[in-house]
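What's counted below: heavy atoms across the whole structure, side chains too, no hydrogens, waters or symmetry copies. Each chain gets a letter, A, B and so on, in the order the sequences are listed, and its residues count up from 1.
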Protein chains: 2
Amino acid sequence: MISSRFTVAVHILALVHINNGNVTSDYIAASVNTNPAVIRRIMSMLSKSGLIASHPGVIGINLQKPISAITLLDVYRAVELPETKELFTVHQNTNVQCMVGKEIQQALETPLTEAQRQMEQALAHTSIESVVADILHRHNNEAGSPS
Amino acid sequence: MISSRFTVAVHILALVHINNGNVTSDYIAASVNTNPAVIRRIMSMLSKSGLIASHPGVIGINLQKPISAITLLDVYRAVELPETKELFTVHQNTNVQCMVGKEIQQALETPLTEAQRQMEQALAHTSIESVVADILHRHNNEAGSPS
DNA sequence: CTTTAATGTAACCAATATAGTTACATTAAA
DNA sequence: TTTAATGTAACTATATTGGTTACATTAAAG
């Protein structure tokens with residue numbers, strides 16, 4: 001299972017974009033319903049990946065790329081797998097005296113890498129801009145009369 | 001990250017197929033290099049999903065479907081997400097007073113479901129039969145002279 | 001019938017990941 | 001100088017994973 005850091009990070013970026021960067025970690029935390037330190041921890045990961053920039057003592061979070069150029073894949077890579085890069089865990093230290101134990105990792109590499117690639121390509125097809133557009137669209141529809 | 005139960009389960013099925021079902025959990029554990037109880041725990045999940053059948057006191061594991069009809073997706077679903085079914089964790093209990101907090105889960109559902117679907121479809125393209133064929137192929141190539 | 005050996009499963013344990021929480025140093029604006 | 005925000009560390013609770021031991025159940029072999 002992929003942790004909720006990912007969707008929280010999308011939440012952060014949506015708020016940053018909608019408010020033109022004028023948001024604090026306290027404000028974001030109130031929307032996410034968690035602790036400001038949790039938000040700042042995820043912000044740190046987004047900063048290290050070059051998606052946002054912020055400064056101590058200064059209100060405001062600056063997107064480092066156009067919102068239309070930030071995809072779900074960028075966010076996923078920023079907050080999940082910051083070092084490992086692999087979606088699937090392949091068991092190691094198998095018995096090389098056995099043919100299956102000797103070859104299983106290599107035999108699985110191609111199909112598992114391809115599965116990960118397909119998932120990542122799907123994430124790459126959606127920008128944060130379109131997620132925000134969907135949020136605004138849903139909000140406007142609900143804000144209208146219920147007739 | 002997806003746990004190694006998945007690749008261990010593939011390992012189990014490969015050994016079952018290659019040995020025509022005449023394998024014990026001790027034998028499999030020696031190839032995987034783990035404890036027999038770990039193997040039996042995963043076997044239990046494969047049984048509950050209808051992929052294999054076995055019986056106390058009896059050596060032998062019976063595939064319940066043709067090996068060519070068992071895909072990596074079948075195995076993945078059997079040993080991962082036995083109840084939840086969702087690859088991504090979406091944070092809940094967000095602040096509905098905020099537009100983003102109110103709509104974020106719905107806005108993410110389509111792209112995340114699609115990403116999961118793409119990954120699963122990729123897994124569905126590879127059968128255990130083809131994994132075993134790859135193992136045999138690699139084994140035969142290496143077994144030959146190194147010339 | 002008895003012995004043997006295998007599966008099915010429960011009960012722990014250690015290690016790790018996740019998310020929440022508190023605290024505080026650093027920084028810059030008012 | 002005061003205020004307030006970020007950056008980060010430390011600690012905790014919880015859940016997951018994988019390893020381990022133990023044992024009841026079962027069936028085959030002798």
Side-chain angles (χ1 to χ4, degrees), chain A residues 1-9 11-12 15-16 19 21-30 32-49 51-62 76 79-84 86-94, chain B residues 1-9 11-12 15-16 19 21-30 32-49 51-62 76 79-84 86-94:
Chain A
M1 287 260 288
I2 290 161
S3 79
S4 68
R5 275 199 309 272
F6 175 39
T7 57
V8 171
H11 194 143
I12 292 169
L15 285 174
V16 168
N19 296 279
N22 299 112
V23 286
T24 65
S25 59
D26 272 69
Y27 175 83
I28 298 171
V32 173
N33 192 25
T34 184
N35 196 289
V38 171
I39 300 301
R40 292 201 289 268
R41 185 157 54 197
I42 296 174
M43 281 171 53
S44 173
M45 302 179 88
L46 294 174
S47 292
K48 288 196 175 82
S49 292
L51 298 181
I52 65 174
S54 54
H55 301 284
V58 183
I59 294 181
I61 300 172
N62 303 306
Y76 170 75
V79 300
E80 302 287 327
L81 35 119
E83 73 292 346
T84 147
E86 304 295 338
L87 177 62
F88 295 94
T89 304
V90 179
H91 62 299
Q92 301 295 327
N93 308 317
T94 48
Chain B
M1 288 261 289
I2 290 160
S3 80
S4 68
R5 276 199 308 272
F6 175 39
T7 57
V8 171
H11 194 143
I12 292 170
L15 285 174
V16 168
N19 295 281
N22 299 111
V23 287
T24 65
S25 60
D26 272 68
Y27 176 83
I28 298 171
V32 173
N33 193 26
T34 185
N35 196 288
V38 170
I39 301 301
R40 293 200 289 270
R41 185 155 56 196
I42 296 174
M43 281 172 55
S44 173
M45 302 179 87
L46 294 173
S47 293
K48 288 195 175 82
S49 292
L51 298 181
I52 65 174
S54 54
H55 302 284
V58 183
I59 295 181
I61 300 172
N62 303 306
Y76 170 75
V79 300
E80 302 288 326
L81 34 119
E83 71 292 345
T84 147
E86 304 295 338
L87 177 62
F88 295 94
T89 303
V90 179
H91 63 300
Q92 301 295 327
N93 308 317
T94 48

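A:Val79 and A:Phe6 get closest at one heavy-atom pair: CG2-CA, 3.6 Å. Taking every heavy atom of both residues into account, B:Ile52 and B:Met43 meet most closely at CD1-O, 3.6 Å.
Considering only side-chain N and O atoms, B:Ser54 lies nowhere under 4.0 angstrom from the phosphate OP1 or OP2 of C:dA6. Taking only side-chain nitrogens and oxygens, A:Thr24 never comes nearer than 4.0 Å to OP1 or OP2 of D:dA5. Dashed line: the shortest gap from a side-chain N or O of B:Ser4 to OP1 or OP2 of D:dT17 is not under 4.0 Å.
Atom-to-atom, CD1 of A:Ile42 to C1' of D:dT6 comes out at 15 Å; the value is rounded to the nearest Å. One atom, CE of B:Met1, and another, C1' of D:dA15, lie 16 Å apart when rounded to the nearest Å. In this entry the distance linking CG of B:Asn93 with C1' of C:dG20 reads 14 Å, nearest Å.
Along DNA chain D, the nucleotide closest to A:Lys48 and the one closest to A:Gly57 are compared, and the more 5′ of them pairs with A:Gly57. For the pair A:Val58 and B:Ser25, nearest-nucleotide mapping onto DNA chain C gives the more 5' position to B:Ser25.
Contacts between residues 32-41 of chain B and DNA chain D, defined by a heavy-atom separation below 4.0 Å, involve B:Thr34, B:Asn35, B:Ala37, B:Val38, B:Arg40, B:Arg41, listed by number.
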**Request:** Dump the intermediate steps for side-chain contact (heavy atoms from CB on, under 4.5 Å) on B:Ile12 and B:Ile42, then the final yes or no.
**Result:** CA-CA 9 Å; B:Ile12 292 170; B:Ile42 296 174; 3.8 Å; yes
**Prompt:** After noting the C-alpha distance and the side-chain angles of B:Asp26 and B:Ile39, does the key distance pass the side-chain contact (heavy atoms from CB on, under 4.5 Å) rule?
**Reply:** CA-CA 8 Å; B:Asp26 272 68; B:Ile39 301 301; over 6 Å; no
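Heavy atoms of B:Met43 sit under 4.0 angstrom from primed sugar atoms or phosphate atoms, though from no base atom.
Minimum atom distance to the side chain of A:Ser44 is reached by D:dT8, of the listed C:dG8, D:dT8, C:dT9.
For the pair B:Thr89/A:Thr7, no side-chain contact is recorded, criterion being any heavy-atom separation below 4.5 Å from C-beta on. The shortest distance between side-chain heavy atoms of A:Ile28 and A:Ile61 falls below 4.5 Å.
Checking C:dA29 for Watson-Crick or G-U wobble geometry (two distances, each under 3.5 Å) identifies D:dT2 as its partner.
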